[in-house]
Structures are given as structure tokens and as C-alpha cells.
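Working notes for the structure below.
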Amino acid sequence: MASSSSLKPIFSSSLTSSPSPHSPQKPSSLLSFLHSTTSTPISLKLSSNPPHSNSHPRSKSFAVTNVVLKTDTSPETTSVPSNYSQDLGPPLTKPTILVSEKLGEKGLEVLREFGHVECLYDLSPDQLCSKISLCDALIVRSGTKVTRQVFEASNGRLKVVGRAGVGIDNVDLQAATEFGCLVVNAPTANTVAAAEHGIALLAAMARNVAQADASIKAGKWQRNKYVGVSLVGKTLAVMGFGKVGSEVARRAKGLGMNVIAHDPYAPADRARALGVDLVSFDQAIGTADFISLHMPLTPATSKVFNDETFAKMKKGVRIVNVARGGVIDEDALVKALDSGIVAQAALDVFTKEPPPKDSRLVQHENVTVTPHLGASTKEAQEGVAIEIAEAVVGALKGELSATAVNAPMVPPEVLSELSPYVSLAEKLGRLAVQLVAGGSGIKSVKVVYKSARDPDDLDTRLLRAMITKGIIEPISSSFVNLVNADFTAKEKGLRISEERIVVDSSPELPIDSIQVQISNVESKFASGISDNGDISIEGKVKYGTPHLTSVGSFDVDVSLEGNLILCRQVDQPGMIGQVGNILGEHNVNVSFMSVGRTVLRKKAIMAIGVDEKPDKEALKKIGEISAIEEFVFLKL
């Protein structure tokens, strides 16, 4: 049976939606990825080898050696009176920028140099909808909900929404793209503030600062009760080695701590430069004295710290969380605190904010809490204001921004022709990354396009971006689109090369097949390894639907819908029935089955499409079938 992986993919909801009556009639699966207000192209410098003149098939190999992306980094204060009116007075020639939540003065200055700025705080949803049709840009924090109704009320005038911060849960991205509105955020300005707060909680927790403070203010003097622990020589596991995580590691090293980290995308050379060892998920949590969380909240990381993971930790471990509250199962943490597995916890974030007043976790004597203060410094707030102001102004000028979370318009003819392959490309990326075993850092991906057309006539930027999206988004908080795909890959140390091979197929089809190869990694499904040692999967579009056509050296024919179970088995009668019976007993609906083999009665790959995720017991029973040598569950 395949071992579990510490790469924990997320699975975003389908991009397919019903077309809005206000949106162009383009394939709906592309709308949330492509539609925006600018058509400025990405400038790519490609190094290429000329196609072979005397051989067939012909191939053209190239790598992205330089991505030229215009990177725009990142508003007077009034409350809305009860007699608020939407009358703005005479029309203005400058763009109107509405700021609905407080923004630093320096950010406001950037905005005022370019447009007419209105700061109206505490707008009700109805007031915002009344106002928005007269605005070209909207800047919000987390308190303003930018819903579909807001975009509908804008009547097409709203060109950009700027989120002063990282998370965009309060912005309806699907509606934004359908109505041609670019969404940008400010992900970098609060890095140092969040890291400093993490270190502050780490030290305060270790020395019982909060508890001792409360005690002495209550008239007590309990020196013996609040004896702490030293940080020097202790091992800190940084879970998520991005911008904030690496800054925490840098500061912890200065405190004399031994720092290890887990992050499937962290460049090893950057970690080594900080004196940090990259390790697997289980190794990190199993050897640490302190654990500091800096991972994104995704469906896969939701409650990733639970009863099972707490049981793998050293008794007396201490945990700091300044990332996202939902990555911890709070009930499980309370149990771990009560049992002594976790000695202390310091939390800045919670599953529900604010947490209930009677929360057992908040009230626990061994827990230090703060009300989501990670980014709450004067310097960080000013930096976020400048970053988002510059991004919004750049977007209004029609420039591309590396902080865009949805993409610009692409030519309609490209959309129409490549639309069936967009979903295939992303799903192949998602499948490939799920085959990577825990602890393996992904650094090199090769994409092979087979087509009857001349390689020079095939624009694969959109498909490459979708493959990048499929690989990166499941284990990252990054939003990947046509604008920032190459930038994001480069930032994460991921090199994506492409090869185009001419094959004898219909020239009416732009693509015959797409193959994704991941090099220099271990696989949690050994049969996914090809003869050259790479994880390799290939797919085609059949009858308008993405299909998986090969896994490693095995041919399969699988519709990429729902979820997928891949089993390597001894090729013998009755295997389909055995697995089908187990799934049926556990109320798991099978949508299709396909078997591919290399030699009769030797080895075979069985691919099973299922509508639901089988429970652990069902998967265990499948793994116990003697003829099944390995299997893996994959979510699409």
C-alpha cells in the first residue's frame, strides 16, 4: 500500500460556471482564469533549438529563461452618515477610486496623484452597491464583502478591486472575472510584522509572560509556578518556509535555536543559506521542541494538526500559530494540551474570529492568545497601503501586476481553440503533484505537447500557465494565472521547460496530447515512474472531455472527472469485482473502470473513477487485497 505523503494538496472548486448575461460568450471554464480589462501581452524571452530537418517526429525544446512581468507592488477618513446619498456631483475626468476601509496616508497620496479618491467607511451592502456604478476602482480590507451583487451594480465600470492584505476570501473572484474586473492584493508588506509577532509569541510562551502578568495584576506573586524554558539549543520546526516562515527562521537562529523546516517548494539553497535543514512533514513535527506554523489554509491543510499528527509529536512540544486558524483542529489541540503532549500554545489566529467567549482553547491556562495582530504594526499598515495603491494605479493604467489574482483577456480565437485543453492541463498538473512523495521538493517539470501542427504555430502559454496552476496551487496559498504563472514558478524555484513534438494526427486539432514529467523526485505510486526515472502522466481530450491516457509506462483510458483510484495489481481475473464490491459496501459510487497492462497475466494498472472519497476503512480493505501491490487515491 502506498505510504502517505507530506505533500498535502488542496483542491479548488471547478472553474466552470454558468455564463453571466453580462459576460462574453466564451467557454465558462476559462472565465475565472482569463477575463479582465487589459490585453497587454506578457513578454517572454525563449531559448530554443531549431526543429530537426531530416527526422520525424520533429521536436522543438525551449525553456523560459526570462519572464518580463511589470511588477506593481504594493486612501481622508469619514463615516457614512445616516442620510447618505449616492450623488457624486459633476462627472470627473480622472478615474474615481473608492476606499471603503481605512488605508495609510502614504497610500492615499499615491492614489490622489492619479485619480479622484473617496474614502467612505462603514458602507452597508446596499450603500456600496449604490455607489459602485460611479467608481473605477475599489480598495477594501477584510471587512467589506465584494459580492456578485456589487459587480452587477457596477454596470461594467468597476475595473479593479484592490485587497489591502493577502487573503481574498471577501471578494467574489468568479464574479470579478465574469464582469471583467481585475483583482489585486498586497501580499508582501506585512512579512516582517508577522514574523516579529511569531517570535514575540514564541518567547512570551516559553517564559509564561502573559500568565505571569495576569497573576501579578491579580495580587499574586508566583515565581515558582511560572518557571519557563530556554530557547537556546532547542529545535524549532517552521512549517511553511515562505516569506514569513523564512524570516521567523532567521530570527530564531539569532536566538540560538536549531531550525528545521518543511515546505515542498522551498529552494534548498535558500534554506541552506539560513542554516536551515529542509525535512519531511513527519520528521519536522516528530523532532521539534517548538513548532511555528506558516502554511496557507487550504482544503488539504484544514485541521492538518489533529489527533493523528499531535500523537506523532514529542511530549511537551510547544506550538505557535500566526498563519491561519483553521490549520489546527482546536478540539484536538485542547485534548493534546490536557494530556501534556502539547505543553503550551501561542495563538494569534482562530478557526472562527473572534472566538467564542467560552472557548476552552482560549481559556486554557497553558495557551497565550492575541486577537490576530500579526500584521498590526504602523510600519506594516503603511507598507500595505503603498503596495495596494501602486498595484491599483498600475492596473488602471493597463499594466500587468504580479499580485493579480485573476488574469487579463486573451484573444478570443485562442480561447475558443484551446478551451477543451485548459481543464486537461490543470488536471494533469494536479494529478502529477499528488504522485510526489512527501519530503520531495519539486524543482523541475517538463511538459511535452504532441501536435500535427508546426511548433511555431502553437501558442502554449495558456496551457503552461494552467499546468503551473495545477502543480503549485494544491500545496500553496499562491493564486496562479496567465499573468503571474511564470513569475510564481520562478519565485518558488520551479523550472518548467516545454517540448513540442510533431506527430501524425489531425491538423484541425491544436493538441493531440499533453505529457507532464516531474524530475528528481520520489513517487508515492511507483508505477507512476517512467523508464527515464521521472513521474510521468499523459492525457488527451476525447469527446470534449479530459482523459488520462498513460501513467508511467502503463496505458490507461480514464475520464478525468470526480476522483481517481490507481492500483497496480497482478493481472488476474476477478480484480475489478473485488475492488468494486469493497467500494459498493462503503457506498462509494464507481463511475468507470479501466485496466492497462504491459504483458498478459503479469502486471496491470487499474484506474477507478469514483464520485466520493472512500473512507479510511475502504482504502485499507483495498490495500489488503493480496494481488494489489500498491494503490493511490487522487482527487481531481
Side-chain angles (χ1 to χ4, degrees), residues 12-38 75 78-89 91-92 95-103 111 115-186 352-353 388 391-392 395-396 403-409 479 481:
S12 62
S13 59
S14 172
L15 297 177
T16 306
S17 65
S18 301
S20 162
H22 302 279
S23 62
Q25 294 301 306
K26 295 188 175 63
S28 59
S29 62
L30 297 174
L31 285 172
S32 66
F33 185 70
L34 297 169
H35 193 53
S36 184
T37 58
T38 175
T78 58
S79 295
V80 180
S82 59
N83 61 348
Y84 166 80
S85 169
Q86 64 172 327
D87 184 15
L88 284 175
L92 301 167
T96 296
I97 303 168
L98 174 62
V99 181
S100 67
E101 297 179 69
K102 290 183 179 180
L103 202 66
L111 296 171
H116 173 69
V117 180
E118 286 210 51
C119 299
L120 291 172
Y121 307 151
D122 303 320
L123 288 170
S124 70
D126 288 343
Q127 289 171 335
L128 179 59
C129 287
S130 296
K131 185 82 171 178
I132 203 66
S133 64
L134 302 170
C135 301
D136 301 284
L138 170 65
I139 295 180
V140 302
R141 288 188 178 276
S142 60
T144 302
K145 305 300 182 184
V146 190
T147 62
R148 176 173 293 274
Q149 288 71 32
V150 173
F151 293 106
E152 290 173 347
S154 74
N155 295 324
R157 178 168 175 176
L158 188 63
K159 298 180 180 66
V160 57
V161 172
R163 164 67 167 95
V166 180
I168 53 169
D169 297 343
N170 55 317
V171 180
D172 188 330
L173 281 181
Q174 179 71 27
T177 49
E178 288 182 18
F179 285 86
C181 182
L182 195 68
V183 180
V184 295
N185 65 352
K352 180 181 179 182
E353 294 184 357
I388 196 61
V392 167
L396 288 172
T403 66
V405 294
N406 57 355
M409 182 76 74
F479 296 91
N481 54 43

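Below, all heavy atoms of this structure are taken into account, side chains as well, without hydrogens, waters or symmetry copies.
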If you measure from [atom1] on [X] to [atom2] on [Y], what distance do you get to the nearest 0.5 Å?
X      : Y      : atom1 : atom2 : result
Lys131 : Thr96  : NZ    : OG1   : 8.5 Å
Leu134 : Glu118 : CG    : CD    : 9.0 Å
Ile139 : Thr144 : CD1   : OG1   : 11.5 Å
Gln149 : Asp126 : CD    : CG    : 10.0 Å
Phe179 : Lys159 : CZ    : NZ    : 15.5 Å
Ile388 : Arg141 : CD1   : CZ    : 9.5 Å

Does some side-chain heavy atom of [Y] sit less than 4.5 Å from a side-chain heavy atom of [X]?
X      : Y      : result
Leu128 : Thr147 : no
Val160 : Val184 : yes
Val140 : Val146 : yes

Considering non-hydrogen atoms only, spot the tightest contact between [X] and [Y] and give its length.
X      : Y      : value
Phe151 : Val171 : CZ-CG1, 4.4 Å
Arg163 : Ser142 : NH2-CB, 3.6 Å
Ala404 : Leu182 : CB-CD1, 4.2 Å
Ser133 : Ala153 : CB-O, 3.3 Å

Have a look at Ser154 and tell me which of Val161, Ile132, Asp136, Leu138 forms a side-chain contact (heavy atoms from CB on, under 4.5 Å) with it.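 Exactly one option meets the side-chain contact (heavy atoms from CB on, under 4.5 Å) with Ser154, and it is Ile132.
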